[in-house]
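First up is the structure itself, then whatever we jot down about it.
All ligand and atom numbering here is 1-based and tracks the order in the structure.
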Amino acid sequence: VKRKIKVGVIGAGRIGKIHTENIIRYVPQAEIAAVADIYVDRIKDWANDFGIEKLTTDYMEILNDDEIEIVIICSPTDTHSKIIIESAEVGKHIFCEKPIDLDLGKIRQTIKSIDKSGVKFQIGFNRRFDHNFKKIKELIKNGSAGNIYLVKITSWDPEVPPIEYVKVSGGLFLDMAIHDFDMARFLTDSEAKEVYAVGDVFINPAVKDAGDIDTAIVTLRLENGAMVVIDNCRKAPHGYDQRVEVLGSKGFVFTSNDTETTAALGTESGIHSEKPFYFFTQRYKDSYINEILTFFDAVINNKNTPVGAVDGLRPVIMGMAAIKSLKENRPVKIEEVENADL
Ligand SMILES: NC(=O)c1ccc[n+]([C@@H]2O[C@H](COP(=O)([O-])OP(=O)(O)OC[C@H]3O[C@@H](n4cnc5c(N)ncnc54)[C@H](O)[C@@H]3O)[C@@H](O)[C@H]2O)c1
């Protein structure tokens, strides 16, 4: 019998549990050797249910275990760059949740250390693995839509997150829109040249007190000439709304939201269909499975991971340009932000 690849998970909150369960269910070549979380008491029952034997409060126990080949980093954002660098130094392959960091200097330092070590690295931009968005990319790539003129990305949440979360999130552009910045790059294979953002607080004044916004529109001008509009809102009445539309010289490509069923009820008052799935854990359930399968395939079969370290850098630069644009009320060139800290 072939030995299973040992995996250590660091941080078992919302997303850490999802990845751990998916590895257990869908990656027969791997086993969860240990889970580290500073609040280990909170995860005891869960770990027991999934047959995870080793829990620790100190993730260094995972990094110091020579039998563990892969780390899955799902602790809070402000721990990522440090843990990535430490993991790369001891030669572990790394899957890390987005973003790498909110500081460009730290991201660059982290990328250097990944490159130097030669370990596999994948960053958690799961929406690239969503069935709808994968299909849109395919239709753009195979030329079905022709030359791309414009891309519209809609990304609305069902609820404003707790204010404590908002305060440390990095703000709407780096916490929420970052997935959409990645989507723009993924779909078009082009980088942003210029960013213009408008934003406001409509939903909860506490968001304003925390120095953030809850609603925004971002316009991107891409290097290949195409234009992108991203609209974000923290609370739409009908819930989590995630759609993309692309217009090109030969075709219009678009998706609808995923729903639990496609059943609809027609009555005298109209046709009533279901709301979108409530939030990301349901809507993107399959994308999380696909991204983890892709990562393990890259490690096991020595392939390149499809979402690498540079994909962790570019969307943060776009987010910073959006922040600057909102603050200064003008379009901001990417190079203004990109080179600011060099
Ligand atoms: N790709 C996505 O769709 C997606 C979705 C949610 C979260 N995320 C990202 O995942 C990360 C975690 O988010 P979450 O929502 O799961 O947060 P969470 O607060 O639910 O979970 C974080 C966990 O990490 C633990 N932790 C904190 N410091 C630690 C340390 N030093 N060592 C080990 N464990 C530690 C906490 O106790 C907690 O259990 C964030 O970076 C977030 O941006 C990505």
Side-chain angles (χ1 to χ4, degrees), residues 8-22 32 34-47 52 54-65 68 71-87 94-103 106-107 110 122-130 133 155 157-159 161-162 164-183 186 232 234 240 242 277-292 294-295 306-307 311-312 315-316 319:
V9 176
I10 300 174
R14 287 190 303 179
I15 201 75
K17 288 200 183 86
I18 290 176
H19 290 316
T20 306
E21 292 172 24
N22 285 340
I32 305 292
V35 173
D37 196 293
I38 48 170
Y39 294 110
V40 99
D41 284 344
R42 287 193 206 153
I43 58 166
K44 273 198 175 126
D45 291 346
W46 167 81
I52 299 162
K54 182 161 169 67
L55 296 181
T56 170
T57 52
D58 180 6
Y59 71 84
M60 284 311 291
E61 281 193 39
I62 288 178
L63 301 194
N64 290 332
D65 183 336
I68 293 179
V71 291
I72 310 286
I73 305 171
C74 305
S75 44
T77 299
D78 61 358
T79 65
H80 292 178
S81 56
K82 179 170 187 280
I83 303 179
I84 293 171
I85 291 172
E86 290 169 342
S87 304
I94 304 161
F95 177 93
C96 183
E97 260 313 327
K98 44 61 57 176
I100 293 181
D101 202 277
L102 300 178
D103 177 274
K106 278 197 195 165
I107 299 176
T110 308
Q122 186 170 319
I123 183 89
F125 283 119
N126 59 297
R127 293 185 194 177
R128 291 181 178 224
F129 301 88
D130 173 74
F133 302 138
S155 176
D157 278 357
E159 281 300 339
E164 288 315 309
Y165 176 90
V166 171
K167 283 182 189 158
V168 295
S169 66
L172 180 140
F173 293 129
L174 290 174
D175 179 53
M176 181 176 179
I178 192 157
H179 279 287
D180 308 303
F181 295 140
D182 180 64
M183 186 55 58
F186 170 66
N232 292 119
R234 286 289 196 184
Y240 199 45
Q242 305 279 300
F277 280 114
Y278 176 67
F279 211 178
F280 65 90
T281 51
Q282 295 99 347
R283 169 64 179 84
Y284 289 121
K285 189 167 173 271
D286 289 343
S287 76
Y288 293 120
I289 298 170
N290 291 334
E291 77 172 342
I292 278 295
T294 306
F295 172 67
V307 210
D311 301 303
V316 178

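Evaluation of the ring-ring contact (aromatic ring centres under 6.0 Å, His included) rule for Phe279 yields Tyr240 as partners, not counting sequence neighbours. Checked against ring-ring contact (aromatic ring centres under 6.0 Å, His included), Phe181 has no partners two or more places apart in sequence or in another chain. Partners of His179 by ring-ring contact (aromatic ring centres under 6.0 Å, His included), not counting sequence neighbours, listed by chain and number: Phe125.
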Taking a 3.5 Å cut-off between nitrogen or oxygen atoms, can you list every pair linking ligand 1 to the protein, with distances?
{"from": "ligand 1", "atom 1": "1 (N)", "to": "Glu97", "atom 2": "OE1", "distance (Å)": "2.9"}
{"from": "ligand 1", "atom 1": "1 (N)", "to": "Gly124", "atom 2": "O", "distance (Å)": "3.3"}
{"from": "ligand 1", "atom 1": "1 (N)", "to": "Asn126", "atom 2": "OD1", "distance (Å)": "3.2"}
{"from": "ligand 1", "atom 1": "3 (O)", "to": "Asn126", "atom 2": "OD1", "distance (Å)": "3.3"}
{"from": "ligand 1", "atom 1": "3 (O)", "to": "Tyr288", "atom 2": "OH", "distance (Å)": "2.6"}
{"from": "ligand 1", "atom 1": "15 (O)", "to": "Arg14", "atom 2": "NE", "distance (Å)": "2.8"}
{"from": "ligand 1", "atom 1": "15 (O)", "to": "Arg14", "atom 2": "NH2", "distance (Å)": "3.0"}
{"from": "ligand 1", "atom 1": "16 (O)", "to": "Arg14", "atom 2": "N", "distance (Å)": "3.2"}
{"from": "ligand 1", "atom 1": "16 (O)", "to": "Ile15", "atom 2": "N", "distance (Å)": "3.0"}
{"from": "ligand 1", "atom 1": "20 (O)", "to": "Arg14", "atom 2": "N", "distance (Å)": "2.9"}
{"from": "ligand 1", "atom 1": "37 (O)", "to": "Asp37", "atom 2": "OD1", "distance (Å)": "2.6"}
{"from": "ligand 1", "atom 1": "39 (O)", "to": "Asp37", "atom 2": "OD1", "distance (Å)": "3.3"}
{"from": "ligand 1", "atom 1": "39 (O)", "to": "Asp37", "atom 2": "OD2", "distance (Å)": "2.6"}
{"from": "ligand 1", "atom 1": "41 (O)", "to": "Thr77", "atom 2": "N", "distance (Å)": "3.4"}
{"from": "ligand 1", "atom 1": "41 (O)", "to": "Thr77", "atom 2": "OG1", "distance (Å)": "2.8"}
{"from": "ligand 1", "atom 1": "41 (O)", "to": "His80", "atom 2": "NE2", "distance (Å)": "3.3"}
{"from": "ligand 1", "atom 1": "41 (O)", "to": "Lys98", "atom 2": "O", "distance (Å)": "3.3"}
{"from": "ligand 1", "atom 1": "43 (O)", "to": "Lys98", "atom 2": "O", "distance (Å)": "3.0"}
{"from": "ligand 1", "atom 1": "43 (O)", "to": "Lys98", "atom 2": "NZ", "distance (Å)": "3.2"}

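Taking a cutoff of 4.0 Å between a charged side-chain nitrogen and a carboxylate oxygen, Asp182 and Lys98 do not qualify as a salt bridge. Note on Lys17 versus Glu21: no salt bridge recorded, every NZ/NE/NH1/NH2 to OD/OE distance being 4.0 Å or above.
Between the side chain of Asp37 and the main chain of Ala12, a donor-acceptor pair closer than 3.5 Å is present.
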